[in-house]
Enquirer: 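One structure, pasted below without further comment.
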Amino acid sequence: MTEIAFAPFDTLLDQQTALSILQNTVHQAEDGELFLERRRSETLVFDDGRLKSANFNAEEGFGLRAVSGEITGYAHSTEISEAALKRAQATAALAAQSGGGTWADAPARTNRALYRPIDPTSENTFTSKVDLLCEIDAFLRGLDRRVVQVSAVVSAECQDVVILRPDGALYSDTRPMTRVNISVIVEHDGRRETGSAGGGGRYELSQLMRAEDWKPKARESLRIALVNLEAVAAPAGEMDVVLGPGWPGILLHEAIGHGLEGDFNRKGSSAFAGLMGKKIASSDVTVLDDGTLPDRRGSISMDDEGTPSGKNTLIENGVLVGYMQDRQNARLMGVAPTGNGRRQSYAHAPMPRMTNTYMLGGNNAPSDILSDLKDGIYAVGFGGGQVDITNGKFVFSCTEAYRVKDGNIGQPIKGATLIGDGATALKQIRALGNDMALDPGMGNCGKAGQWVPVGVGQPTVMIGGLTVGGSAG
């Protein structure tokens with residue numbers, strides 16, 4: 001199916017008129033842009049043997065921004081028109097009333113495309129998506145009689161972005177996103193447990209609809225549910241913890257990554273503020289934020305200000321060497337933007353956000369790391385968590401974890417929470433595996449009310465002296 005390209009200056013606005021309004025808006029400012037967006041998304045939810053919901057959403061709008069020092073003037077509208085743009089100008093221009101400083105250099109150009117410019121919402125028929133969900137349900141119920149409920153979600157999205165700069169330059173990007181999520185409930189002797197798995201990325205939905213892709217996800221969701229069916233109550237106390245590779249990097253993202261975003265450090269509210277060039281972690285630890293990985297959920301060819309995404313080293317051999325920056329915070333801190341200026345939509349101003357944040361692997365075999373764990377837990381799956389950015393304190397719940405004694409993996413445990421703070425945990429990393437992996441493509445990150453897709457990753461990691469919360473006596 002051929003889609004009509006998002007071309008707002010061909011159909012909705014006169015480009016020269018829009019440029020004139022933008023230039024008048026930022027006349028006394030230091031930076032600013034007109035951000036235009038069209039987004040289409042479709043989500044099908046199958047639950048308890050039937051199609052529960054099918055939603056299609058289409059929206060478009062613009063955001064007009066003027067930046068002067070620490071002040072941002074921002075106005076947005078769902079109506080892309082000259083009249084709406086003039087109304088927005090009156091609000092956005094307020095930021096520059098007192099006059100700005102030096103005008104910021106324009107973002108660098110890039111011809112790099114990290115994903116194909118496709119619209120996955122129109123790629124497959126509605127019937128084929130429903131058939132897929134029915135097939136997932138039947139497959140899981142046929143695998144094990146203990147399956148009592150299956151939930152499956154198929155989602156696809158296309159975000160078209162056009163940015164007009166005050167010098168007349170245009171920046172554009174078409175960002176696909178697809179995902180399949182599967183959750184299963186099993187029951188045995190009156191006890192019920194849940195397991196879930198899924199993933200996706202910036203590619204065709206048909207890639208996720210192949211049996212060789214969704215069947216492993218389905219089996220994984222069932223495996224986790226059956227593991228939890230045998231789980232005993234988690235112990236409590238301070239102990240060493242081994243984190244598995246891949247998705248457990250969400251702890252790194254939350255407890256450490258947010259603290260390395262430029263705005264928190266410029267304002268001095270991060271636990272890592274003022275520590276640039278200082279040793280903050282074990283010498284084996286190197287952490288990157290990399291938005292340049294092809295087809296990954298957290299990747300962007302350019303950020304939402306037009307800056308090309310980057311492969312940015314944050315911690316190198318234990319030393320803090322960089323923060324993630326948008327244009328405003330980078331200018332105020334006297335450094336270069338890093339391609340991390342992101343926004344949820346046209347209704348939001350950009351801010352420093354992560355893309356794909358991961359820790360590089362070490363030289364240890366994962367089996368050797370577990371053999372060295374004398375008394376602790378092995379956590380390979382995580383659910384929700386809470387983090388205080390100002391001090392890095394975190395609480396994370398485990399969805400799959402095991403008791404380990406004298407290097408032997410014992411019974412699975414349930415109800416385990418990991419409690420600590422990012423700065424201390426970094427220094428207590430004792431071993432890194434040679435099995436660095438990225439998550440399967442299921443991360444979303446919230447900050448200041450805005451949500452953006454992200455990726456995480458890490459190798460097997462041993463951390464000493466974390467507090468484990470549990471209910472075992």
Side-chain angles (χ1 to χ4, degrees), residues 140-141 143-151 181-199 216-252 365-385 394-420 425 431 433 435 437 439-440 442 456 458-473:
L140 278 166
R141 293 180 187 276
L143 282 180
D144 198 297
R145 293 181 178 179
R146 290 169 290 183
V147 174
V148 296
Q149 187 167 339
V150 176
S151 298
N181 243 44
I182 302 170
S183 179
V184 61
I185 297 177
V186 295
E187 181 177 9
H188 183 68
D189 291 338
R191 177 175 173 176
R192 288 192 170 198
E193 295 293 345
T194 301
S196 61
K217 292 181 173 70
R219 291 191 180 97
E220 177 68 1
S221 67
L222 177 59
R223 183 194 67 80
I224 295 171
L226 295 177
V227 165
N228 287 327
L229 203 58
E230 305 297 325
V232 298
E238 185 175 298
M239 59 188 71
D240 296 343
V241 175
V242 172
L243 306 177
W247 177 243
I250 188 64
L251 192 151
L252 168 74
S367 57
D368 292 340
I369 295 176
L370 283 166
S371 295
D372 289 339
L373 184 57
K374 302 305 178 186
D375 185 16
I377 68 169
Y378 177 41
V380 297
F382 284 92
F394 60 80
V395 178
F396 277 90
S397 59
C398 301
T399 56
E400 183 184 359
Y402 302 85
R403 192 77 165 93
V404 179
K405 289 189 176 182
D406 296 321
N408 297 310
I409 299 176
Q411 276 188 289
I413 56 176
K414 64 175 298 183
T417 58
L418 300 186
I419 304 167
D435 58 343
D439 75 283
M442 55 188 183
V456 299
Q458 67 172 42
T460 297
V461 179
M462 179 185 281
I463 304 177
L466 284 181
T467 298
V468 178
S471 59

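Numbers here are sequence positions counted from 1.
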Enquirer: Between Cys398 and Phe382, is there a side-chain heavy-atom distance shorter than 4.5 Å?
Expert: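 SC-SC contact between Phe382 and Cys398 confirmed.
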Enquirer: Which atoms form the tightest heavy-atom contact between Ala233 and Ser471, and what is the distance?
Expert: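 So the two residues come closest at CB-OG, 3.5 Å.
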Enquirer: Once you round to the nearest 0.5 Å, how far does CG of Leu373 lie from OH of Tyr378?
Expert: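 That separation rounds to 10.5 Å.
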Enquirer: Considering only heavy atoms from C-beta outward, does the side chain of Arg141 approach that of Val150 to under 4.5 Å?
Expert: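 The answer is yes, as the side chains (C-beta and beyond) meet within the 4.5 Å cut-off.
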Enquirer: Under the 3.5 angstrom rule, does the side chain of Asn228 hit a backbone N or O of Gly195 as a donor-acceptor pair?
Expert: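 A pair under 3.5 Å: no.
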Enquirer: With a 4.5 Å cut-off on side-chain heavy atoms, are Met239 and Arg403 touching?
Expert: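 Of all side-chain heavy-atom pairs linking Met239 with Arg403, at least one is under 4.5 Å.
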Enquirer: I need the minimum non-hydrogen distance between Pro248 and Val380, along with the two atoms involved.
Expert: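 Smallest heavy-atom distance, with atoms named: CG-O, 3.5 Å.
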Enquirer: Side chains of Ile250 and Asp439, heavy atoms from C-beta outward: is any pair under 4.5 Å?
Expert: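 Answer no - side chains too far apart.
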Enquirer: If you look at every heavy atom in Gly415 and Ala234, which pair is closest and at what distance?
Expert: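 Between these two residues, the closest heavy atoms are C-CB, 4.0 Å.
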Enquirer: Work out which heavy atom in Gly198 is nearest to a heavy atom in Asn181; give both atom names and the distance.
Expert: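 Scanning both residues completely, I find the closest heavy atoms to be CA-OD1, 3.7 Å.
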Enquirer: Can you tell if the side chain of Asp144 reaches within under 4.5 Å of the side chain of Val186, non-hydrogen atoms only?
Expert: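 When only atoms from C-beta onward are counted, Val186 and Asp144 do not touch, as no gap falls below 4.5 Å.
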Enquirer: When rounded to the nearest 0.5 angstrom, what is the spacing between CG in Leu251 and CD1 in Ile463?
Expert: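 The CG atom of Leu251 sits 6.0 Å away from the CD1 atom of Ile463.
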Enquirer: Around atom NZ of Lys405, are there more than 12 heavy atoms from other residues, nucleotides or ligands closer than 6.0 Å?
Expert: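 Open: at most 12 neighbouring heavy atoms sit under 6.0 Å from NZ of Lys405.
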Enquirer: Report yes if the side chains of Leu243 and Leu418 come closer than 4.5 Å at any heavy-atom pair, otherwise no.
Expert: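 They are in side-chain contact.
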Enquirer: Side-chain contact test, heavy atoms from C-beta onward, threshold under 4.5 Å: evaluate it for Leu252 versus Val456 and give yes or no.
Expert: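 No, their side chains stay 4.5 Å or more apart.
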Enquirer: Of all the heavy-atom pairs spanning Ile413 and Pro235, show the shortest one and how long it is.
Expert: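 Looks like CD1-CD, 4.0 Å.
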Enquirer: Give me the atom names and distance for the closest heavy-atom approach of Gly433 to Ile369.
Expert: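 Shortest heavy-atom separation between Gly433 and Ile369 comes out as N-CD1, 3.4 Å.
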Enquirer: From Thr194 OG1 over to Gln149 CD, what is the distance, rounded to the nearest 0.5 angstrom?
Expert: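 Rounded to the nearest 0.5 Å, the OG1-CD separation comes out at 8.5 Å.
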Enquirer: Gln458 side chain to Gly244 main-chain N or O, any donor-acceptor pair under 3.5 Å?
Expert: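 Pair found, side chain donor or acceptor close to backbone of Gly244.
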Enquirer: Please test Arg223 against Glu220 for salt bridge (charged side-chain N to carboxylate O under 4.0 Å, His left out), starting from the C-alpha separation and ending with a verdict.
Expert: CA-CA 5 Å; Arg223 183 194 67 80; Glu220 177 68 1; 2.8 Å; yes
Enquirer: Would you compute the distance between atom NZ of Lys414 and atom OG1 of Thr399 and round it to the nearest 0.5 angstrom?
Expert: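 Reported value, rounded in 0.5 Å steps: 12.0 Å.
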Enquirer: Got a second to check how far Thr417's OG1 is from Phe394's CZ, nearest 0.5 Å?
Expert: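 The distance works out to 10.5 Å.
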Enquirer: Any chance you could measure Leu222, atom CG, to Arg146, atom CZ, to the nearest 0.5 Å?
Expert: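 Between atom CG of Leu222 and atom CZ of Arg146 there are 7.5 Å.
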Enquirer: Would you say Leu466 and Ile377 make side-chain contact, with heavy atoms under 4.5 Å?
Expert: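 Side chain of Leu466 against side chain of Ile377, heavy atoms only: no contact under 4.5 Å found.
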